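This report concerns only the one structure given below.
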Amino acid sequence: QVYLVESGGGLVQAGASLRLSCAPSGGTFSRYAMGWFRQAPGKEREFVAAISWSGGSTYYVDSVKGRFTISRDNAENTVYLQMNSLKPEDTGVYYCAAVRTPPGYLSSRNYYKPNTYDYWGQGTQVTVSS
């Protein structure tokens with residue numbers, strides 16, 4: 001069983017930066033592809049960013065490209081989401097997700113689908129005021 005714990009959320013003004021962290025426990029972190037999703041009030045959970053187990057492949061939703069960066073430190077068992085130039089529309093609960101590869105996999109066809117991921121964190125709140 002893998003437990004994911006997110007941290008780093010908070011209340012900031014538009015234009016500010018935040019860095020989210022996700023530290024899985026259990027399993028071998030380097031074998032997991034990781035993703036970040038977010039959910040705004042009254043909306044469905046949406047994909048934000050994902051990274052392969054090696055860090056060699058990254059994926060982003062168009063609305064965050066150029067502002068957000070996903071990265072991982074396998075030695076520290078941590079995945080990060082650096083969020084710059086935050087906008088009010090970035091507000092939501094941010095969830096970390098993981099899929100063990102193999103038997104799972106991350107590709108250009110599935111990285112954005114919630115059901116690609118086997119494990120989820122409890123979420124961390126990000127609020128961006130205008």
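Model, not experiment: these values are computed from the prediction. Just so it is clear, the values below take in all heavy atoms, side chains as well, and ignore hydrogens, waters and symmetry mates.
Annotation: Phe47 is not in aromatic contact with Tyr112 [ring centroid separation under 6.0 Å not met]. Checked against the 6.0 Å centroid threshold, Phe37 and Tyr95 do not count as a close aromatic pair.
Looking only at distances, no side-chain donor or acceptor of Thr127 sits under 3.5 Å from a matching main-chain atom of Leu11. Remark: side-chain polar atoms of Ser63 are not paired, donor with acceptor, to backbone N or O of Val61 under 3.5 angstrom.
A distance of 9.5 Å separates OG in Ser52 from CD1 in Ile70, rounded to the nearest 0.5 Å. The distance from atom CD of Gln122 to atom SG of Cys96, rounded to the nearest 0.5 Å, is 11.5 Å. For the atom pair Glu6 CD and Cys22 SG, the distance stands at 5.5 Å (nearest 0.5 Å).
Two residues are said to be in side-chain contact when any heavy atoms from C-beta on lie closer than 4.5 Å; Tyr94 and Leu81 meet this criterion. Put simply, the side chain of Thr78 does not reach to within 4.5 Å of the side chain of Phe29, judged on heavy atoms. For the pair Asn84 and Phe68, the minimum side-chain heavy-atom distance is 4.5 Å or more.
Of all heavy-atom pairs between Val128 and Lys87, the closest is CB-O, 3.3 Å. Nearest approach of Leu18 to Gly8, heavy atoms of both residues: CD2-O, 3.7 Å. Met34 and Val79 get closest at one heavy-atom pair: CE-CG1, 3.9 Å. Among all heavy-atom pairs drawn from Ser85 and Ser17, the shortest one is N-OG, 4.3 Å. Nearest heavy atoms, Ala14 versus Pro88: CB-CD, 4.1 Å. Closest non-hydrogen pair, Tyr59 versus Ser57, comes out as OH-CB, 4.0 Å.
Hydrophobic clustering places Tyr117 together with Leu20 (ILVMFWY residues linked when any side-chain heavy atoms are closer than 4.5 Å, directly or through intermediates). No chain of hydrophobic side-chain contacts below 4.5 Å, direct or via other Ile, Leu, Val, Met, Phe, Trp or Tyr residues, connects Leu86 to Tyr80. Put simply, Tyr32 and Trp53 are part of two different groups of oily side chains (I, L, V, M, F, W, Y) that touch within less than 4.5 Å, one to the next.
Side-chain contact of Thr91 with Glu89: a donor-acceptor pair under 3.5 Å is absent, judged by distance alone.
Sorted by first then second residue, the salt bridge (Lys or Arg N to Asp or Glu O under 4.0 Å) pairs that include residues 64-75, not counting sequence neighbours, are Asp62-Lys65, Arg67-Asp90. Counting only residues at least two apart or on different chains, the salt bridge (Lys or Arg N to Asp or Glu O under 4.0 Å) pairs with a member in residues 41-55 are Arg38-Glu46.
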Less than 3.5 Å apart, which donor and acceptor atoms pair up between the side chains of residues 97-106 and the rest of the protein, not counting sequence neighbours?
| from | atom 1 | to | atom 2 | distance (Å) |
| --- | --- | --- | --- | --- |
| Arg100 | NH1 | Pro102 | O | 2.9 |
| Thr101 | OG1 | Arg31 | O | 3.0 |

- How far apart are the C-alpha atoms of Thr116 and Tyr111, what are their side-chain angles, what is the distance that settles it, and do they pass the side-chain contact (heavy atoms from CB on, under 4.5 Å) test? CA-CA 7 Å; Thr116 294; Tyr111 63 87; over 6 Å; no
